[in-house]
Every structure is written in structure tokens, then in C-alpha cells.
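Report on the following structure.
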Amino acid sequence: MTKVVKEESSSDEDIPLARHSSSSTKPQTIKKKLDTPVKANKRNLSTVKKQRTTEASDDDDIPLARRRSATAKEQPIKEESSDDDDVPLAKRKPVVTQTKSLKRATPVKAESAPTNKKPKKEVKVEEDVYRWWEQEMENGAGDNGLDDNGIKWTQLSHNGVLFPPEYVPHGIQMKYDGKSVKLTPEAEEVASFFAALLESDHGANPTFQKNFFEDFQKVLAKSPKNPKMTSFEKCDFRPMWQKFELDKERKKQMTKEEKLKIKEERIAVEQSFIYANVDGRKEKIGNFRIEPPGLFRGRGDHPKTGRLKLRVYPEQITLNLSKDSKIPPALPGHKWGKIVHDQQATWLATWKENINDTSKYVFLSANSSWKGQSDMKKFDKARELKGHVDRIRKNYTNDLKDKLTETRQRATAMYLIDRLALRAGNEKGDEEADTVGCCSLRYEHITLESPNTVHFDFLGKDSIRYENSVQVETQVFKNLRLFQKQVGPGNAIFDRLTTTGLNKHLNNYMPGLSAKVFRTYNASFTCQQQLDKLTSKTDTIHDRILSFNRANREVAVLCNHQRAASKSHGQQMMKIADKLRATKYQRMKLRKQLFALDKSIKKRRPNLAVDESDLEDDWIKEYDIQTIEKEREKAKVKFDKQNDRLKSEGKAPLPKSELQDKLKKVDELKAQLDKERKTGKVEVAATMNVEKLLAKIEKLDERINATKIQATDKEENKEISLGTSKMNYIDPRIIVAWCRTYEVPMEKVYSKTLVEKFRWAETIPDDWKF
DNA sequence: AGCTAAACTTAGCAGTCATATA
DNA sequence: TATATGACTGCTAAGTTTAGCT
């Protein structure tokens, strides 16, 4: 272990993070990411990741102490302001405030009908929003019958669920053993499911193929009209696949009107399913569409991937409604399985899927009051942990040395969950993909390197690979070594620990505390701390947003939220670099003109005397050549175009000499560029003066800066997914407060749906801190 | 105490939409 | 004007937690 000094280390150590090495530091430069994850591809591919190198050592020696001081520091600050945020929802008096915010984005343009330009934004009447967070809490204690007993509603009505249309056979035949075969509609549908995935990863996955084919054979056997198929290899789904490709193509070719019509029809069908009525309020439903039949697309190495997911009928569905509401119609000729009136539940409909026999639910959407309230509760709970975390850390640090193995395992796991933001890690069955979290880590998932480095390498949720090397406390290292030895290869490291047991223990510290709260807490804490550290009021708006993305990224790295880098990433980076050089080149020319006009300015404005970086002669030459080529091309194209037009108007074409003249001009330009390169001087246009040049240079500086930022951001982001942490882990109040402090519009950091989802967070005072 | 299942949150992928670019 | 890309959304799989049962 190397001890490496890091500038500003002390301010850094508060970070509870596993991997804060990746980004940060220099703004506006493309950082060489030597210490950044390098991944060939998303999952299961070998990756080289070196993390948490250096500065860790320092902080590992006394991590808790440091963190404690961090929390202690911040705590008092907010206690006051948060006052009302801490009041449990249960204590709030429900008041329906229907605020109608009429959003007129753009005035509708005069109805000049078939202009191809579509209206910029339709006038959107925002629905009545139940602003549950605007209630006053004059009720002292939990005297509000409705809340604390788990009752979620008194009145609930909705129109049920929307079923996918029945299958319409297309008649395109697949081949078996080289011959076209006729299938019953049911079999054709299943064959089509596979055909559609022919060129995807699923289609090439042997497990997927095997599971599909087994289920397909069963469907075939249901009717004697179907041929018998015994070998998947003899199946040729290509004709169907081709048909679907053609369909896609046709769909693309549809005119705007046709597309619009389809969209309108869809909306008309959805209409009655969009909202539920909850205690007199209109609330949006999230997923009222019943999942269509298809092939189960399990992630990673799922043993059941490819199995046939059956069509769902009303008979399998249970609806949750209040007794007084009318029961919506089921499909014609069908009946609902069951109607219940479960006031403790927030689901509107439920059914069992046939693959894993698990329940599916229809819930309200993310911006509904139920989801919003539970989201707020979640973040308040995470915030509450701040007040307990010191004690918890102290205790588990002590427990690391407990003589009871069970206790030591629990303490060690808590350390990992706290330090690395690992998931709890429930046990999984044979019928599921082999993935793990903290409690289910097995022998082979960690490698120990003396004196205290732990290398993690395992597949977590969604079979996303977690690869990380961390320096841990000596006692943690010792424990892990011992546990590993005790359990042996293939076995769970924490063999005496279950998630239930862990959570029970956690609950003793604080009601409602469970393993996942640590993830939320650490994510939000990190975000707050990084934002404070990275943003400055002197930054431009671009810089501020970059800082925001950095903070966001830090959290995403901590939580291991990944995405596949786009295939063209490298190319795109090169393109940006080129654009940057072109701008710099322009700037250089302006500077030269400036000096020609005013020699003294070099002295007065020494920063203007500095040459542009990485502008090499070879590059300039090449760039000039390309410029000339483009100009020639442009001249020709323009000439041809003009002639075409003249011809169609029955007029005489332009004389060839016209083109010659133009090309001559380009030649002159070439000569000028050549000369400029040779002499290093740039001719000054007659209309130019010092002021104009300075203004132009300033413009270019801005552009250069913006491009640099763009490049940095892109590079740092290429395989990290920011969305998941933004949506689920970062307390939106942190972001709201930051946006206000730094005068950044919320829309710059939240998409429209997220703005709506987190509306409740907008009521905080400006100085709110997590 | 351990197991199962219900209920709800979290997650990446895959389409769709919007916008920049050629 | 068409195409390519990236952003955003919808979808649904895959987690966590807790309650209830044996």
C-alpha cells in the first residue's frame, strides 16, 4: 500500500465513497483517465479498474473518525431549516389544494393549416395536481386516523387495465428443414416472438434458444395441424424476421399525417385508463397496460430466459377498488378474477406471471402523491440516519472484534454496506441468475491482498459486474481472511448472516433502518458534499452544470450504475477535438490580425500573446487543404444547382466562365492561405478594427471553453449511467437548493418527468442541506 | 427460526422522440 | 431533407423489506 499525498486530501476524506478517484479535479481539460474504469464492454468482460488508490490509505486508517467529524460539522447547520420536513407525513392534515397551473408554453400559431411545421408545443393544460406537500401541520400528535394505521385511501376507483390486442396472423411462413411450414395462429405467434429477436443477443443465446424451443414445441403439439419439429437447428425464422424488418421500414416511411393518426388512435384508446380516482383526486396511473405475451428476456445468465410468457386474461387479474366504485368492464366475454377493497394497498390491479410465478402490479405513476410521499419518507429516513451513523459506525467497528462469529460477520458486512454502498444481497434460488450482494458474497468474489486490500469481482443486480479494489480497515481484512478460510471455495463468506438478521439488527438503532437506507444515505451525502466542493459562484453556467454532472457521476460510480459505451464514442471524441482545433485556428488568425493593427496590444494584453495549444503546422496545412476542397465542391454544387433551376424554367444556363471565375476565387483563397502559412502573417480586412477583433476573439474563447467542457463531460460519462442515481438515490431537495443557489434552472438537470416527480421537493428553504 | 409471498423500489434495455448534422 | 445520435420514456426484470405462516 502506498501512501500518496493528495492535494486537498482532508476535505476529501469525508466522502464515504468507494470510488471517488474517478472524476473530480480539473475542470475543462480532458483528463487522462489513468485511474478510471476502463471497460471493454458492460458485463462479464474483463475490465481493468483501478480505484480508490492512493488517498484511500490515508482515510482508511481513520475513516470513521474523519467521517464523524464530517457529519458532526454539517449536522447543526440544517437541523433548524429542516424543521418542517421532518414531520412525518402521517401527522399532516390532508388538504386538497387543487392548483391549476395553466401552462401556455407557446401561443398557438394562427391556423394556417397544412404548413409542414408542426406547432411548437401544443397548449398544454396541466392537470390538477394534488399538492400534498403544501399542507399545514397544525395537528400535533398522530391524531389523524387516516394516516398511521396504514390506510392509504378511503375511495378508489379506476377503469381497470388495458389488454394488448389479440394476435392477428400475418401468414408468413417459417421454414423447417428447408421447407415452408404452415402453423396455427397460436404457433405462428410464438415463432414470431423468436423471429423478431433473431438478430439480437437473445436470439444468439443458447439458453434462450433452448427455452424458447421447448415452449415452442409444446405449443406446436397443441394442434395436429402443426408440423412436428424436433431440432431447433432446422428452424429458419428468417422469412418472418425479414417481414418484420420490412414492416419497420414501412413504418418509417409513413407520412407525418399517418403517424399522427396512429398516435391519436392510441391516445384515444388509452384515454379512460390514464387516471385513477383517489379520494376525489385524479391521479395518474403508471402502468395500466397489461404486459403483452412474448419471450421472457431474463438478464445475464438467467436459467429461464427465452421461456414463453403467456397472454394475460381478466380471469387472472385482481382489481383493487373501493366498494362504492363501479366495476370496470373486463374484456368482452371475460370476467375479472377477483375484486378486492384493500385500503392498505396502493396497487390498483395485480396478477401472476407464468415464468417465475411472481406478482405483477399496476401502481400509480412516479409523480403521484403515493409515490411522492413514500419517496419523501425514504429520503427523510436516509437523512435521519445522519444522526445515528456515528454511533452505528462506532459499534460495528467494535463488533469487528467480537468473539461471536455471527456478530463479527454482521459487523464486517455492515462495514462493506456502509463503505461501499453494497446492496443487502438476499439469497437466490437455482431458478434465477447467479448474482450476489453483500450478505450473499461468496469465497470467489473477493481476493485479498496483504496488507489490507480487498479486490471485489462479482455480478450484482441485473448481472452488472462490480469490480473494485479497496483498502479496508485491518480488522475487516483479517475478518474476511478468516471467514474465507472457514467457509472455503464456493460458499458464502458470511455464512451466519442473513439480510433479515442484518435488518433486524439495524432496526434496533433506528426505526425503519435497513441496509438499503445506507445506500440512499451515502449517495445523497456524497452528492451534497461534492456539489458544495465543486461549484463556485464565479463559474459560468456551463461550468456549474459540469460540476453538477461530476457530483452526479461520483454518486453513480459509488452505486455502480453502468451503461454500455456507445460504439462510436472514440470517433465522436476525435470529432470534438477537431472542432476544437478549428476554432483555435480561427482564433490564432484573429490574434495575428490584431497584432498587425496594434503592435502594442501584445504588451498591454499579454494573455493574447500566448499561442493556441496543440495547433500544429501539419494539422493547419491539412485543414487548409480540406477547406479549399470544400470551397471548390461548394462552388460546383451551387453552379449546377443554379443551372438546374434555370433549365427547369426554360432559361439559358450560366456560362462555364461563371464557374471558372468562382473557382479562380477559391484559387486565390488557396494562395492566400498558402501565403499566410509561409509568412505567418494574416492579412487584415479593410473593415476590421481592434474592437471588432477583440470581440470576435472573446466569442471564440467562449466557444473553445464550451467545446472543452463538452469533451470532458462526454469522456467522463461514457460508461456511467447518471439517471438511476438521479431518479432513486439523490435527495431532490439537494438539487433544488443547489439550483437556487447557483441560479441554474431545474430543467438543466432534471428531465420533464423528473421535475414533476420531485415537485414536492421545491418547498424547501434556499439554504436546505441534506 | 426459517420460509414464503406480498408489496414496493430500483435497474438497465430497448424503443421513441427530438435535435443536431450532413 | 434525410439521417444519425443522443436524450428521454416506457417497459418489465430484478432487487429489498416485511408480514404472516408453519
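Here is the naming used below: chain letters follow the sequence lines, and residue numbers restart at 1 for every chain. Computed over heavy atoms, backbone and side chain alike; hydrogens, waters and symmetry mates excluded. Note that this is a predicted model, so its numbers are computed, not measured.
- Of the candidates B/dC8, B/dA11, B/dA6, B/dA11 carries the atom nearest the A/His561 side chain, counting heavy atoms from C-beta on.
- If you check every strand for non-hydrogen atoms under 4.0 Å, A/Ala433 touches nothing.
- Looking at A/His302, A/Arg442, A/Lys428 one by one, the single match for side-chain hydrogen bond (donor to acceptor under 3.5 Å, both in side chains) with A/Asp434 turns out to be A/Arg442.
- For A/Ile730 and B/dT9, the CD1 to P distance is 18 Å, given to the nearest whole Å.
- Within the structure, a side-chain polar atom (N or O) of A/Lys360 is placed less than 4.0 Å from OP1 or OP2 of C/dA13.
- Applying the 4.0 Å criterion to OP1 and OP2 of C/dT17, one finds that A/Lys504 has every side-chain N and O outside that range.
- Remark: A/Asn426 is in phosphate contact with C/dT16, judged by side-chain N or O atoms under 4.0 Å from OP1 or OP2.
- A/Lys251 has its NZ atom 7 Å from the P atom of B/dC17, to the nearest Å.
- Using a 4.0 Å cut-off, no side-chain N or O of A/Tyr361 falls inside it from OP1 or OP2 of B/dT9.
- Ring geometry for A/Tyr361 against A/Phe363 counts as parallel: the plane angle stays under 30°, on a 0 to 90° scale with 60° as the upper cut.
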Residue pair A/His561, A/Tyr729: steps toward the ring-ring contact (aromatic ring centres under 6.0 Å, His included) verdict: CA-CA 11 Å; A/His561 292 143; A/Tyr729 287 102; 5.5 Å; yes
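- Ranked by how close their nearest DNA chain B nucleotide is to the 5' end, A/Met727 and A/Thr500 are led by A/Thr500.
- Among the heavy atoms of the strands lying under 4.0 Å from A/Gly425 are primed sugar atoms or P, OP1, OP2 only; no base atom is included.
- In this pair, A/Phe458 and A/Tyr466 present their aromatic rings parallel. The plane angle is below 30°, not in the 30 to 60° band.
- Using a 4.0 Å cut-off, some side-chain N or O of A/Ser751 falls inside it from OP1 or OP2 of C/dT9.
- Salt bridge status for A/Lys381 with A/Glu384: present, with a side-chain N to carboxylate O gap under 4.0 Å.
- As judged by a 4.0 angstrom heavy-atom cut-off over every strand, A/Lys309 is placed among residues touching the sugar-phosphate backbone only.
- Taking side-chain N and O atoms only, A/Lys752 has no distance below 4.0 Å to OP1 or OP2 of C/dT9.
- Nearer the 5' end of DNA chain C, as judged by each residue's closest nucleotide, is the contact made by A/Ile290, out of A/Ile290 and A/Gly460.
- Within 6.0 Å of the CG atom in A/Asp201, the count of heavy atoms belonging to other residues, nucleotides or ligands does not exceed 12.
- Between A/Trp347 atom CH2 and C/dT12 atom C1' the separation is 19 Å, expressed in whole Å.
- Here A/Asn503 reaches the OP1 or OP2 of C/dT17: one of its side-chain N or O atoms lies under 4.0 Å away.
- At the phosphate of C/dT18, neither OP1 nor OP2 sits under 4.0 Å from any side-chain N or O atom of A/Ser514.
- Side-chain N/O atoms of A/Thr435 include one lying less than 4.0 angstrom from OP1 or OP2 on C/dG15.
- The residue among A/Phe363 and A/Leu197 whose nearest nucleotide of DNA chain B lies closer to the 5′ end is A/Phe363.
- Side-chain proximity of A/Pro292 to B/dA6, C/dA14, C/dT12: nearest is C/dT12.
- Looking at heavy-atom distances under 4.0 Å, A/Lys428 makes contact with sugar-phosphate atoms alone, never a base.
- Not one side-chain nitrogen or oxygen of A/Thr724 sits closer than 4.0 Å to the OP1 or OP2 atom of B/dA11.
- The phosphate of B/dG15 (OP1 or OP2) has a side-chain N or O of A/Arg297 nearer than 4.0 angstrom.
- Nucleic acid contact class of A/Gly286 (heavy atoms, under 4.0 Å, all strands): none.
- Note: CG (A/Asp462) to C1' (C/dA14) measures 6 Å, nearest angstrom.
- The side chain of A/Lys461 approaches B/dT10 more closely than any other nucleotide in the set B/dG12, B/dT16, B/dT10.
- If you measure from atom NZ of A/Lys252 to atom P of C/dT1, you get 19 Å, rounded to the nearest angstrom.
- Judged by distance alone, the side chain of A/Thr305 and the main-chain N or O of A/Asp301 form no donor-acceptor pair under 3.5 Å.
- Between the P atom of C/dA7 and the CG atom of A/Leu722 lies a distance of 10 Å, rounded to the nearest Å.
- Among the protein residues, A/Thr346 comes within range of the sugar-phosphate backbone only, with heavy atoms under 4.0 Å from sugar or phosphate atoms but none that close to a base.
- Rounded to an integer number of Å, the gap from A/Arg299 CZ to C/dA13 P is 8 Å.
- Contact between the side-chain N/O atoms of A/Lys516 and the OP1/OP2 oxygens of C/dT17 is not found at any separation under 4.0 Å.
- Taking side-chain N and O atoms only, A/Arg289 has a distance below 4.0 Å to OP1 or OP2 of C/dC11.
- Put simply, A/His302 has a side-chain N or O that comes within less than 4.0 Å of OP1 or OP2 on C/dA14.
- Rounded to whole Å, atom P of C/dA13 lies 8 Å from atom CG of A/Asn356.
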